[in-house]
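Read through the structure below, which is laid out as structure tokens, and then see the notes.
Computed from a predicted structure; not experimentally measured. Chain letters run A, B, ... following the sequence lines, proteins first and then strands; every chain starts at 1.
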Number of protein chains: 2
Amino acid sequence: MAQSDTVDRILDAAEELFAERGFAETSLRMITSKAKVNLAAVNYHFGSKNALIHAVFGRFLTPFSATLEDAFDELEARCEGKPPTLNQTLWALTESAVRMPQRNEMGISIFMRLLGLAYTQSQGHLRKFLEQEYSQPFSRFMHLLKEATPQLSAVDRYWRIQFMLGATAFTMSSNEALQDILRNKLGVETTVQEIAARLVPFLAAGMQAQDALLIPSTNQKVPVA
Amino acid sequence: MAQSDTVDRILDAAEELFAERGFAETSLRMITSKAKVNLAAVNYHFGSKNALIHAVFGRFLTPFSATLEDAFDELEARCEGKPPTLNQTLWALTESAVRMPQRNEMGISIFMRLLGLAYTQSQGHLRKFLEQEYSQPFSRFMHLLKEATPQLSAVDRYWRIQFMLGATAFTMSSNEALQDILRNKLGVETTVQEIAARLVPFLAAGMQAQDALLIPSTNQKVPVA
DNA sequence: GTCTGTTTGAAACATACGTTTGACTCACAT
DNA sequence: ATGTGAGTCAAACGTATGTTTCAAACAGAC
């Protein structure tokens, strides 16, 4: 081959293995042997294992955040000054994810699992990297959410966003779901689109749940969701 | 000391470190030095690192599943034949968790994070262990959920349960939430009870969201949550 | 062809891991 | 007092990890 595709082969193998097994549990030797590449290539091309992890995320996230910005632009233009609704905002996000050009049929689900792992595993360096690199589309999404749920207090909204993120990342990242998706590659049963179509109404309903509830045991009134 | 408390010291240290860092990322040397115990003590008392992980879960889950069964018994007795509502069922679960006798002030949140990690990290042995040991209260909870949401199809219910589990495990297991809780040990702001009080209405609302929705981009009608 | 900078290759590096070993301590029953 | 068995300890074991090294292979410019 005239041009080296070593870098891409490493990224492909790493993405898949990280999604299957987590970061710490995946060794460079697994990655390089799956990629059919010399062990030293990772440190040569990326510098370190952590930098490779960053590169895996960057390869997906950089085009995705551009797509997302466009989707938000279009949404805001369509709404002509009025703030977009919660459903519109959530759909803009999921559609951007689903429409991303993918290397294989289940690119988003693999990447969703990676995002879930990034949040869950104590990879401090990864969190810092993601916050530094992609703070802009993230805070823009947060702003849209705020305008779409003006009835919520800041602290309620904070927690409900946590819940949404959890339901999404966890579902997409659970091995069961992933393997369901992989099993039915041909799209007959559970595509990522279909999961998203089930998830968005769930999230929207939860986000707009009624306020205040009695905790049964203590009969204390608590500001709730 | 007359009686050895080595076993408990190891369990305490392991529980905390696993919750902070995950299973693979926590070495036996960290655990034994935190517990101020000899390195060999883990293999002497538990047999292996995996068996130690099982013991950490068993110490919490065994009394918890008993508490949970009692709560379900009481709930069903209170309902006199009628199936308990969704809110009642969810509250029975969270109350059992919250009321568990705890070794320290944030026992449940630590354990919730462990459960989330168990689901997320690819610890096959752990999943098998949990399924074998605690299948009964789990399937009983599932049955209650089914009776509380008769309007849902089985597949809708399956996915929404995934979403609930995700929102719960992820929230409780995210480092931010955990550290928020740890920071405010004295309970002024974010206790586990308060998070649960915010979470349950969110989950109940999502679980009972309306059916069917148009996917904006394709204009295809999709059975949705 | 020869030179030059980039990329690969096999091997070794130092370090950390889970586990095992065998000598030692010590309470306690005999 | 003495033997026994459970528990502790420091040290070592074998293995796996991320990283480094340095020679060989290769591409393109001259």
Q: Grab the CZ-P distance between B:Arg29 and D:dA10 for me, whole Å please.
A: 13 Å
(Q) Using whole Å, what does the distance between atom C1' of nucleotide D:dG7 and atom CG of B:Asp5 come to? (A) 12 Å
Q) Quick one: is D:dA10 close enough that its OP1 or OP2 comes under 4.0 Å of any side-chain N or O from B:Asn38? A) yes
Q: Choose from C:dT8, C:dG18, D:dT19 the nucleotide whose nearest atom is closest to any side-chain atom of B:Leu28.
A: C:dG18
Q) Relative to the ring of B:Phe111, is the ring of B:Phe60 parallel (under 30°), tilted (30 to 60°) or perpendicular (over 60°)? A) parallel
Q) Do any side-chain nitrogens or oxygens of B:Ser27 fall under 4.0 Å of OP1 or OP2 in C:dA16? A) no
Q.
Rounding to an integer number of Å, can you tell me how far B:Asn43 CG sits from D:dA11 P?
A. 19 Å
Q. Using 4.0 Å as the upper bound for N to carboxylate O, is an ion pair formed by B:Lys34 and B:Glu16?
A. yes
Q: Classify the nucleic acid contact of B:Thr32 as base, sugar-phosphate or nothing, counting any heavy atom under 4.0 Å across all strands shown.
A: nothing
**Q.** For atom CD1 of B:Ile10 and atom P of D:dT8, their distance in whole Å
**A.** 8 Å
Q | C:dT6 OP1/OP2 closer than 4.0 Å to side-chain N/O of A:His45 | A | no
Q) Rounded to the nearest Å, what distance is computed from the OH atom of residue B:Tyr44 to the P atom of nucleotide D:dG7? A) 4 Å
Q | Rounded distance (Å) that lies between atom P of D:dT17 and atom CG of A:Leu17 | A | 12 Å
Q: Could you tell me the separation between the CG atom of B:Leu52 and the P atom of C:dT19, rounded to a whole number of Å?
A: 10 Å
Q.
Measuring from the side chain of A:Ala40 (C-beta onward, heavy atoms only), which nucleotide among D:dT17, C:dA10, C:dT8 has the closest atom?
A. C:dA10
Q: For the residue pair A:Asn43 and A:Leu28, establish whether any side-chain heavy-atom pair is separated by less than 4.5 Å.
A: yes
(Q) Among residues at least two apart in sequence or on other chains, which ones pass side chain to side chain donor-acceptor pair (under 3.5 Å) with B:Asn50? (A) B:His125
Q: Verify the distance criterion only: is there a donor paired with an acceptor across the side chains of A:Thr62 and A:Tyr134 at less than 3.5 Å?
A: yes
Q. For B:Lys49 and D:dA16, what is the distance between atoms NZ and P respectively, to the nearest whole Å?
A. 15 Å
Q. Does B:Thr6 have a side-chain nitrogen or oxygen under 4.0 Å from the phosphate oxygens OP1 or OP2 of D:dT8?
A. yes
Q) Which nucleotide sits closest to the side chain of A:Leu39: C:dG18, C:dA11, D:dT17? A) C:dA11
